[in-house]
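Lettering of chains follows the sequences in order, A, B, ..., and the numbering in each one begins at 1. Reckoned from all heavy atoms, side chains included, excluding hydrogens, waters and symmetry mates.
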There are 2 protein chains.
Amino acid sequence: MRIFVVILLHMHNRKNYICTECNHCSIRQDSIFDALNPEEVTQLEKEKSHLVFNYGELIFKEGQFPSGMYIVTKGKVKVSKFGFEGREQIMRFAKEGDILGYRAMVSEEQYSCSALAVTETQLCFVSRKFINQAIRNNPDLGFNFMKLFARDLKIAEEKSLQLAQKTVRERVAESILILAEVYGLEKDNSTLKIILKRDEIASIAGTVRETATRFLSEFCDDNIIIMDGKKIKILDINRLSKKANSSF
Amino acid sequence: MRIFVVILLHMHNRKNYICTECNHCSIRQDSIFDALNPEEVTQLEKEKSHLVFNYGELIFKEGQFPSGMYIVTKGKVKVSKFGFEGREQIMRFAKEGDILGYRAMVSEEQYSCSALAVTETQLCFVSRKFINQAIRNNPDLGFNFMKLFARDLKIAEEKSLQLAQKTVRERVAESILILAEVYGLEKDNSTLKIILKRDEIASIAGTVRETATRFLSEFCDDNIIIMDGKKIKILDINRLSKKANSSF
DNA sequence: ACTATAGTGTGATAAAAATCACAGTGTATT
DNA sequence: AATACACTGTGATTTTTATCACACTATAGT
């Protein structure tokens, strides 16, 4: 009986899929693929495949060899590395329009991060072969890739600076700001649109669960945020930014 | 009198300059510019300019706008960001053959790091305009850039993981290994080829001078390294790797 | 509705790292 | 040779953070 329900759900998702043709796909138009001409878009449409992942499913795993890359069309994805003793470090979050796995694809190496769906997620997969050919035909696509790399590299270096020089309190505050920045807020204009475990918030900030919990409690006591289970509501973003010592 | 000596020294350096013509320049051949055809090399040779920096001189500074990028032909360069209250965080070191400032050039933004010569350093400067044109003419150059980006992005993410999850002791040990990796060892096969202040070693490891000093002293007491002033000699690289909990 | 099970909050304690203070050392300048 | 200045080493102390322990809460599966 349950299986049947799952199938229905799946069909429902497929019906809801927003990106049936690349031609009019707003996600493509807002992505690095804005550089493609109509003919190239047609080829992309033939070439790409469409994938659905449920909450908690692994999209790719550190150590696997990539054969292409993904563009997120719906949902939220957590990208993380696992350090000594398997401790997770969250590197970034991806959402609609973001590109995943292109670093490993370009360097023709194993994935250096894992990607996990943190909501139901839909992606288009495009093969390395297609990308390489497309860049050769259309240098603007190459430039777009380079700009994407440049942006991500800047973010990664900024992250190093923060990890090296900020206190844990600042990093926990910053983590909430990052989540608000990436995924935005509910209609109430204060509740984070993503739900994470304390573990995961700790992994963004580069600390342990207990310590993250303590600082979150502190921010609650200070009336800077309110927590309702795993939901986080930002009451005073200015004071939160101050706690983070942040540029947001 | 002293000024005269400096001038002589300078002439000496110019005579010693190894990269007079790009055509046979081994640094070019081992770099992303290996993709250029003879005609493109000729253009590069006309276009590029050659610069010399002394110890301690700034090559570019966080916040400036780039108009091109640099390739190091001789010397050692420290690339760092300055965090809250001006505390330095060393992001990486560059040497012969390494490319500097290309991230900011590509994203057409301000430099996000500063680059400082830590020995006498020579560089070739190439304008953004030339690079853009060259990539359009020759997609392989674009692919080389992308691979360079991919490599640097991977290193940056690895750095974040280390900063987030390793202890300071491990990071200090790792810093010495990184310096050995990047700049190599003297003929004695144990002394680091670069001389840094304690402050700077601390900035690589993401800690403060006193703490870095203490761990270096500890490694000395353990007969893992020997320090003679600022010179560092590695006695037992295996045990140093163990201290770093490292993959080197 | 009832168990498992996974996740959370918090006190107590230990460990790690930063800060402060200051003496000592080396190095460049006059 | 004397002075100034930048750099270094180290003890004492404080602050920050991790670890351990355990009770409590929510949630999914039966």
Review point. A:L196 has an atom CG; how far is it from atom C1' of D:dA26, in whole Å?
Key: 17 Å
Practice item. Could you please name the option among D:dT17, C:dG7, C:dG11 that lies closest to any side-chain atom of A:K230? Key: C:dG7
**Study point:** Proximal nucleotide (of D:dG11, D:dG9, D:dT19) relative to the B:M227 side chain
**Key:** D:dG9
Point to revise | Position toward the 5' end of DNA chain C (nearest nucleotide), B:V168 or A:S217 | key: A:S217
Review point. Which nucleotide, C:dT8, D:dC20, D:dT17, lies nearest any side-chain atom of A:T211?
Key: D:dT17
Practice item. Could you tell me whether a side-chain N or O of B:T121 sits under 3.5 Å from a main-chain N or O of B:T119, the two making a donor and an acceptor? Key: yes
Check your understanding: Any side-chain heavy-atom pair from B:R103 and A:F149 closer than 4.5 angstrom?
Key -> no
**Study point:** Options D:dC20, C:dA17, D:dG9, nucleotide nearest the side-chain atoms of B:T213
**Key:** D:dG9
Practice item. To the nearest Å, give me how far apart OH (A:Y55) and P (C:dA6) are. Key: 13 Å
Practice item. Would you mind telling me which of C:dT10, D:dG9, C:dA17 lies closest to the side-chain atoms of A:R214? Key: C:dT10
Check your understanding: How long is the span from the CG atom in A:L240 to the CD1 atom in A:I225, to the nearest 0.5 Å?
Key -> 7.0 Å
Review point. Within the structure, does a side-chain N or O atom of B:R198 lie under 4.0 Å from either OP1 or OP2 of D:dG9?
Key: yes
Exercise for review: Would you mind reading off the distance between B:K197 atom NZ and D:dA6 atom P, rounded to a whole angstrom?
Suggested key: 10 Å
Exercise for review: Provide, to the nearest angstrom, the distance between the CG atom belonging to B:L216 and the P atom belonging to D:dT10.
Suggested key: 11 Å
Check your understanding: Can you tell which of D:dA18, D:dT8, D:dC20 lies closest to the side chain of B:R209?
Key -> D:dT8
**Study point:** Distance in angstrom units between B:I195 CD1 and D:dC7 C1', rounded
**Key:** 14 Å
Practice item. Nearest whole angstrom, please: distance from the C1' of D:dT16 to the CD of A:E170. Key: 12 Å
Review point. What is the distance, rounded to the nearest whole Å, between atom CZ of B:R171 and atom C1' of C:dA17?
Key: 10 Å
Point to revise | Electrostatic pair A:K78-A:E88, nearest N-O below 4.0 angstrom | key: yes
Check your understanding: B:E210 CD to D:dC7 P: how many Å, rounded?
Key -> 14 Å
Review point. Looking only at heavy atoms, what is the nearest atom pair of A:S190 and A:L185, with distance?
Key: O-CD2, 3.7 Å
